[in-house]
Protein chains: 2
Amino acid sequence: MTEIARVERRSGRPRSEDADRAIIEATLDLLAESGIAGTSIEGIAARAGVGKTTIYRRWRGLESLICDAMLTLKGPLPTLSGASLRDDLLSIAEAAARSRESARNRKVYACFVGEMSRYPALDAQYRETVIAPRRELTRGALRRAIERGELRDDLDLEVMSEIVTAPTLHWMLHHPDQTPSRELLEQLLDGVLGGLRPRA
Amino acid sequence: MTEIARVERRSGRPRSEDADRAIIEATLDLLAESGIAGTSIEGIAARAGVGKTTIYRRWRGLESLICDAMLTLKGPLPTLSGASLRDDLLSIAEAAARSRESARNRKVYACFVGEMSRYPALDAQYRETVIAPRRELTRGALRRAIERGELRDDLDLEVMSEIVTAPTLHWMLHHPDQTPSRELLEQLLDGVLGGLRPRA
DNA sequence: CCGATACGACACGTGAGCGTATCGAAACAA
DNA sequence: TTGTTTCGATACGCTCACGTGTCGTATCGG
């Protein structure tokens with residue numbers, strides 16, 4: 001909805017879809033390199049090989065454009081097998097890792113953490129379309145696991161959700177030049193689920 | 001070391017320590033409000049009520065100034081009682097929470113996450129003077145706990161360190177408008193140490 | 001008092017990005 | 001072909017920060 005209405009086409013030269021793609025790609029590239037504050041319409045136009053007019057004709061401004069670019073960043077939500085809590089959480093972690101496979105995407109996520117709060121429209125859309133569905137996915141998996149007796153029921157769901165997701169996200173955030181191996185994801189998850197104290 | 005050498009004082013008007021303090025405070029304020037990219041010498045001078053000359057006389061440039069400002073951000077390292085792993089880790093978590101008590105400091109930390117990598121000198125100093133000592137403190141506590149049999153010894157120390165610190169740091173990073181209660185810190189820590197599966 | 005240095009204030013020219021406007025050419029519908 | 005719309009390019013006036021230099025004033029040592 002941030003894009004300017006594409007009114008019913010009647011006549012004249014149609015808008016180039018190549019330009020659309022080039023603009024979005026250039027936006028993500030610049031976000032990764034220079035952060036939100038360092039990304040400008042002029043820079044995007046130059047990198048995309050496009051006139052500024054072409055951008056202003058499609059988006060209201062920088063924030064709208066970044067909103068749209070952001071949406072192309074996130075992959076599809078994983079479908080959970082439901083076989084076990086471990087399987088579900090591993091699927092979620094792997095989906096997160098997959099959307100951070102390219103160095104560019106990792107850097108874009110990193111710059112969002114600190115800068116997003118200064119761009120309210122962007123922040124709201126990010127929370128609603130990216131964070132919230134994934135959060136709900138995790139909470140659902142945890143709820144089902146509690147019902148099946150796979151999880152303690154004496155801890156707040158919010159606290160458990162934090163414990164389960166934080167190590168993976170924290171690792172990925174602070175290792176922007178690496179991709180976590182499947183082994184690492186499993187080690188983190190198993191450590192979290194089983195606990196760090198020796199079983200008596 | 002980033003500060004311009006304060007040569008042997010001989011005569012003339014001495015530099016104002018009030019100006020020093022005002023400059024550092026203004027720098028941290030602006031970092032919190034606008035991030036690194038949005039912080040300028042002009043802005044700092046204006047907010048501190050100081051001439052630009054006064055800043056350029058003391059620091060080589062913006063990055064040097066931010067380096068010095070950053071050092072005033074971190075409180076002292078906590079001393080660990082060594083009584084138990086839980087006590088030690090709780091002390092570490094509380095020290096981290098304490099240095100994030102003010103909303104301003106929380107926002108400064110948040111902006112560092114995404115932007116720091118674009119400022120190599122700043123990044124190196126931050127890792128060396130802030131992150132490394134705290135990391136070593138945690139690893140030491142974990143090592144001693146393994147020796148005492150308080151911890152599993154089948155997990156990589158790196159992985160355990162990640163699991164132990166991530167939930168607290170992740171929570172604080174994504175709740176920049178709150179301070180974690182002692183109860184929350186304990187819940188997170190106890191969940192991590194005890195694990196999320198029910199004890200058989 | 002005198003020389004030295006720091007103080008805040010202000011001005012300089014430079015460069016970047018803003019959002020808008022205008023250009024001739026290109027790509028479509030009728 | 002004609003009319004319409006988009007294309008990339010370029011230029012506009014505006015604002016902001018850069019780093020430097022220069023004011024007159026304030027504060028120190030000797």
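Just so it is clear, the values below take in all heavy atoms, side chains as well, and ignore hydrogens, waters and symmetry mates. Quick note on labels: first sequence line is chain A, next is B, and so on, each numbered from 1.
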B:Arg134: salt bridge (charged side-chain N to carboxylate O under 4.0 Å, His left out) partners, not counting sequence neighbours: none

Separation of D:dC28 P from B:Asp18 CG (nearest whole Å): 12 Å

Show me the donor-acceptor pairs within less than 3.5 Å that the side chains of residues 167-178 of chain A make with the rest of the protein, sequence neighbours left out.
from, atom 1, to, atom 2, distance (Å)
A:His170, ND1, B:Glu162, OE2, 2.8
A:His174, ND1, A:His170, O, 3.1
A:His175, ND1, A:Trp171, O, 2.8

Partner set under salt bridge (charged side-chain N to carboxylate O under 4.0 Å, His left out) for B:Asp123, not counting sequence neighbours: B:Arg127

Nucleotide N/O to protein N/O under 3.5 Å, stretch nucleotides 23-26 of chain D:
from, atom 1, to, atom 2, distance (Å)
D:dA26, N3, B:Arg13, NH1, 3.2

Length of the line joining B:Ile44:CD1 and D:dG19:P, which is rounded to integer Å: 11 Å

Whole angstrom value for the distance that separates P of D:dA9 from CD1 of A:Ile55: 12 Å

Could you go through nucleotides 17-20 of chain C and list every protein N or O atom that sits under 3.5 Å from one of its N or O atoms, giving the distance for each pair?
from, atom 1, to, atom 2, distance (Å)
C:dC18, OP1, A:Ile41, N, 2.9
C:dC18, OP2, A:Ile41, N, 3.2
C:dC18, OP2, A:Glu42, N, 2.9
C:dG19, OP2, A:Tyr56, OH, 2.5
C:dG19, N7, A:Lys52, NZ, 3.1
C:dG19, O6, A:Lys52, NZ, 2.9

Between D:dG8 (C1') and A:Arg15 (CZ): distance, integer Å: 15 Å

A:Arg104: salt bridge (charged side-chain N to carboxylate O under 4.0 Å, His left out) partners, not counting sequence neighbours: A:Glu25, A:Asp29

Spacing between B:Leu30 atom CG and D:dA17 atom C1', to the nearest angstrom: 13 Å

For residues 189-196 of chain A, dump all side-chain donor-acceptor pairs below 3.5 Å to protein atoms at least two apart in sequence or in another chain.
from, atom 1, to, atom 2, distance (Å)
A:Asp190, OD1, A:Arg86, NE, 2.8
A:Asp190, OD2, A:Arg86, NH2, 3.0

Side chain A:Ser34, main chain A:Leu31, donor-acceptor under 3.5 Å: no

Those residues that, when tested against B:Phe112, pass ring-ring contact (aromatic ring centres under 6.0 Å, His included) (two or more places apart): B:Tyr126

Interatomic distance, A:Glu17 CD vs C:dC28 P [rounded to whole Å]: 12 Å

B:Ile23 CD1 to C:dA6 C1', straight-line distance once rounded to whole Å: 12 Å

Under the salt bridge (charged side-chain N to carboxylate O under 4.0 Å, His left out) test, residues paired with B:Arg139 that sit two or more places apart: B:Glu136, B:Glu158

